[in-house]
Amino acid sequence: MYRRAALSQYTNVDIETKTQVQDPHHLIFLLFEKGCSLLRQSQESLKQDDFEGFSKSANHAMQIVIGLRGVLDLDKGGDLAKQLNETYTSIAASLFKAIGEKDPVAIEKLYLAMSELKEAWETVKEALSISKHDG
């Protein structure tokens, strides 16, 4: 019991340390990476008729999408922020429907959409990293 509590506290400290030293673009990339992983987990849970596991992982993915939408700065972000807001809203609505219907095809489409966004953020992250080293 003590070991579990200690590991939990270590994990929390480790996460806090990582988020304090990482740039925001990398953190967004990590959120997309986790969201994709959760969508894969939800697919596997559906295949095994593990509806509790499906619900847990799919709802966690939903929280990530809503969180991504919540950190957008619509005032300063211009058209890109507005487009991302619409994209995240669409993904969240589709995921909500897919969760309710336990639809593996819809989950796969959402996984592909999240993967594309993750790749785009990786490109942004790498471009910013290169420009920091050059500057």
Side-chain angles (χ1 to χ4, degrees):
M1 176 149 164
Y2 294 113
R3 183 169 186 240
R4 185 177 298 153
L7 286 173
S8 175
Q9 290 303 317
Y10 175 78
T11 301
N12 290 339
V13 169
D14 189 44
I15 289 169
E16 287 175 22
T17 303
K18 285 179 181 176
T19 57
Q20 288 173 357
V21 296
Q22 298 291 339
D23 70 277
H25 300 96
H26 184 70
L27 293 174
I28 290 171
F29 170 78
L30 291 175
L31 286 170
F32 275 108
E33 199 169 58
K34 181 65 176 179
C36 288
S37 172
L38 289 164
L39 289 173
R40 279 290 185 232
Q41 286 176 13
S42 68
Q43 286 177 310
E44 288 303 312
S45 294
L46 266 183
K47 286 179 187 174
Q48 298 170 9
D49 292 331
D50 175 8
F51 299 117
E52 183 178 335
F54 165 75
S55 180
K56 183 177 178 181
S57 56
N59 282 313
H60 191 175
M62 172 78 81
Q63 290 173 342
I64 288 173
V65 173
I66 291 170
L68 287 165
R69 188 179 66 186
V71 298
L72 290 172
D73 187 341
L74 297 174
D75 294 329
K76 295 179 185 175
D79 287 339
L80 178 60
K82 289 175 185 161
Q83 290 171 354
L84 285 171
N85 186 53
E86 289 173 14
T87 299
Y88 297 157
T89 299
S90 177
I91 289 172
S94 297
L95 185 52
F96 181 78
K97 183 178 179 189
I99 291 169
E101 296 175 357
K102 296 177 180 63
D103 183 350
V105 174
I107 297 289
E108 177 63 21
K109 289 178 183 177
L110 291 164
Y111 170 80
L112 293 173
M114 291 284 286
S115 293
E116 288 177 13
L117 288 166
K118 178 186 80 162
E119 289 171 16
W121 274 107
E122 185 171 33
T123 302
V124 168
K125 177 181 68 105
E126 289 172 359
L128 290 171
S129 176
I130 290 169
S131 68
K132 283 181 186 177
H133 288 91
D134 291 344

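Atom set for the values below is all heavy atoms of this structure, side chains included, hydrogens, waters and symmetry mates excluded.
- In this structure, G53 and S45 approach most closely via the heavy-atom pair C-OG, 3.6 Å.
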Note to self: Determine whether F54 and D50 satisfy the following criterion, side-chain contact (heavy atoms from CB on, under 4.5 Å), listing intermediate values before the conclusion.
What the structure shows: CA-CA 6 Å; F54 165 75; D50 175 8; over 6 Å; no
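- Within the 4.5 Å cutoff, the side chain of V124 has no heavy atoms near those of the F29 side chain.
- Under a 3.5 Å cut-off, the side chain of S115 and the backbone N or O of Y111 do form a donor-acceptor pair.
- Closest non-hydrogen pair, L68 versus I28, comes out as CD2-CG2, 3.9 Å.
- A distance of 4.5 Å separates CE of M62 from CD1 of I99, quoted to the nearest 0.5 Å.
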Margin query: Determine whether Q41 and K56 satisfy the following criterion, side-chain contact (heavy atoms from CB on, under 4.5 Å), listing intermediate values before the conclusion.
Written below: CA-CA 9 Å; Q41 286 176 13; K56 183 177 178 181; over 6 Å; no
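- Partners of E108 under the side-chain hydrogen bond (donor to acceptor under 3.5 Å, both in side chains) rule, at least two apart in sequence or in another chain, are R40, Q43.
- Atom CG of residue D73 and atom CG of residue N85 lie 11.5 Å apart, to the nearest 0.5 angstrom.
- Taken to the nearest 0.5 Å, the CZ atom of R69 stands 11.5 Å off from the CD atom of E86.
- Not a single donor-acceptor pair under 3.5 Å links the side chain of S37 to the backbone N or O of E33.
- Partner of K109 under the side chain to side chain contact (heavy atoms under 4.5 Å, CB included) criterion, out of L112, V105, I107: V105 alone.
- Two residues are said to be in side-chain contact when any heavy atoms from C-beta on lie closer than 4.5 Å; V65 and M114 meet this criterion.
- Side-chain N or O atoms of S42 include one that pairs as donor or acceptor with a backbone N or O of L39 at under 3.5 Å.
- Between F32 and W121, the two ring planes are parallel [angle under 30°; tilted spans 30° to 60°].
- Although no hydrogens or angles enter the test, the distance criterion places a donor-acceptor pair under 3.5 Å between the side chain of T87 and the main chain of Q83.
- The shortest distance between side-chain heavy atoms of L46 and K102 falls below 4.5 Å.
- Minimum heavy-atom separation, L95 to A58: CD2-O, 3.8 Å.
- Taking CG of L117 as the start and CD of E122 as the end, the distance is 13.0 Å to the nearest 0.5 Å.
- Note that CG of L74 is 9.5 Å distant from CG of L84, once rounded to the nearest 0.5 Å.
- Residues L31 and I66 share a hydrophobic cluster, clusters being chains of Ile/Leu/Val/Met/Phe/Trp/Tyr side chains in contact below 4.5 Å.
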